[in-house]
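What follows is a set of notes on a single structure, which appears directly below.
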Amino acid sequence: MAVYIYSITGKQHPLGLDGLSGVGESPADLRAVTAGPLCAVVSDAPEDLRPKRRDIIAHQEVQKRLMADGTVLPMRFGLIAENDEAVRLALEQNAADYTDRLQVLEGCTEYHLKASQDEDALLRQILRESDVARELNDEIRGGTAAPDASLRLGELVAQEVQARQEALAAGVVEALRPFARTLDTSQPTGSDFLNVSFLVTEDQEETFLASELSVAHQMSDDFDFRLNGPLPPYSFV
């Protein structure tokens, strides 16, 4: 029977799973598949698994319970194997990699930071600080601009936005990097200029949070910082 995989842990993990429900409308009991020094926490997979809120929460609750008692490699929602034997074989074949990764993640949690800047405020800043952009904008508004002025202004503004946002993102990352074991950056979406995950050790967690708050306070009200965590270290598995 197909099995749903929640996490991988070391064999010494206490696996306190009592009272937890797995995924699915009628969730099966959680159990451990063991191979050498490793365990995988699994359950029978539901036939029509979908990313429903109920099931995503159930998946997260398993991660939180396991993290409270030791180090885990949290699997992404929806990972299914053919059967227990397939899981056991994967643990055996990848034992060295999984063991190394568990050592890297020991005592760590993930914090995910996104940041954006108000687009109108950024445009005003560019027009205020760029002589070329301001002159083009004035010509367009005054009706004296060349036919290609709007295109030139658009290209100039786009270049300025990219350069300024890349510099802002680099500055934020450099300010917080000393307090994280490692980090993982992703392509920002929408109006965000920053999308980064930090792997933070327990002894640096308070300093990291204080530093992030300090960085956010140093920015103007035009900026929006959204810090999410502590989280299972999905980005570092």
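One is the number of the first residue; the rest follow in order along the sequence.
Atoms OG1 and CG, on T34 and L15 in that order, are 7.5 Å from each other to the nearest 0.5 Å. In this structure, L102 CG and I8 CD1 are separated by 8.0 Å, a value rounded to the nearest 0.5 Å. One distance of note links OH of Y98 with OG1 of T9; it measures 12.5 Å at 0.5 Å rounding. Rounding to the nearest 0.5 angstrom, the gap separating the NE2 atom in H112 from the OG atom in S186 is 6.0 Å. Here the NZ-CG distance, from K114 to D192, works out to 6.0 Å after rounding to the nearest 0.5 Å. For the atom pair CD1 (I80) and CG (D44), the distance works out to 11.0 Å, reported to the nearest 0.5 Å.
Two residues are said to be in side-chain contact when any heavy atoms from C-beta on lie closer than 4.5 Å; L113 and V172 meet this criterion. The shortest side-chain heavy-atom distance between R76 and H59 does not fall under the 4.5 Å cut-off. Residues L168 and L194 fail the side-chain proximity criterion, which asks for heavy atoms closer than 4.5 Å. Side-chain contact check for M67 versus S7: every heavy-atom pair is 4.5 Å or farther apart. Between P46 and E25, every side-chain heavy-atom pair lies at or beyond the 4.5 Å cut-off.
Each of E61, R65, Q63 was checked for a side chain to side chain contact (heavy atoms under 4.5 Å, CB included) with Y6, and the lone residue meeting it is Q63. Applying the ring pair (Phe, Tyr, Trp, His ring centres under 6.0 Å) test between F198 and each of F208, F236, Y111 identifies F208 as the sole match.
Looking at every heavy atom in both residues, P233 comes nearest to L105 through CG-CD1, 3.9 Å. Residue S43 comes nearest to L30 through the heavy atom pair CB-CD2, 4.0 Å, listed as atom of the first residue, atom of the second, then distance. When all heavy atoms of V87 and A40 are compared, the pair lying nearest together is CG1-CB, 3.5 Å. When every heavy atom of S116 is checked against every heavy atom of R226, the shortest pair comes out as OG-NH1, 3.5 Å. Residues F77 and P51 share a closest heavy-atom pair of CE2-CA, 3.5 Å. Of all heavy-atom pairs between E110 and P232, the closest is OE1-O, 3.4 Å.
Taking hydrophobic clusters as Ile, Leu, Val, Met, Phe, Trp and Tyr residues chained together by side-chain heavy-atom distances below 4.5 Å, F223 shares a cluster with V173. In this structure, V237 is a member of the same hydrophobic cluster as L38, with clusters built from ILVMFWY side-chain heavy atoms closer than 4.5 Å. Note: the hydrophobic cluster containing L17 does not contain M75 (ILVMFWY, side chain heavy atoms under 4.5 Å, direct or indirect links). Under a hydrophobic-cluster definition in which Ile, Leu, Val, Met, Phe, Trp and Tyr are linked whenever side-chain heavy atoms come within less than 4.5 Å, directly or via other members, L49 and V62 are assigned to the same cluster. There is a path of hydrophobic side-chain contacts, each under 4.5 Å, that joins L20 to V23.
A distance-only check finds no donor-acceptor pair linking the side chain of E212 to the backbone of L227 [under 3.5 Å]. Y4 places a side-chain N or O within donor-acceptor distance of the main-chain N or O of G78, the cut-off being under 3.5 Å. No donor-acceptor pair closer than 3.5 Å links the side chain of R50 to the backbone N or O of D55. A donor-acceptor pair under 3.5 Å links the side-chain atoms of H13 to the main chain of L66, judged by distance alone. R181 places a side-chain N or O within donor-acceptor distance of the main-chain N or O of V104, the cut-off being under 3.5 Å.
Dense packing is recorded around CD of E92, with more than 12 heavy atoms of other residues, nucleotides or ligands lying under 6.0 Å away.
For the salt bridge (charged side-chain N to carboxylate O under 4.0 Å, His left out) test, residues two or more places apart in sequence or in another chain that qualify with R88 are E85. Legend: residues meeting salt bridge (charged side-chain N to carboxylate O under 4.0 Å, His left out) with R164, ordered by chain and number and at least two apart, are E129, E160. Judged as a side chain to side chain donor-acceptor pair (under 3.5 Å), and not counting sequence neighbours, the contacts of Q60 are Y234.
Defined by atom type and a distance below 3.5 Å, a donor-acceptor pair is missing between the side-chain atoms of T99 and Q103.
Salt bridge absent: D29 and R31 never bring a charged side-chain N and a carboxylate O closer than 4.0 Å.
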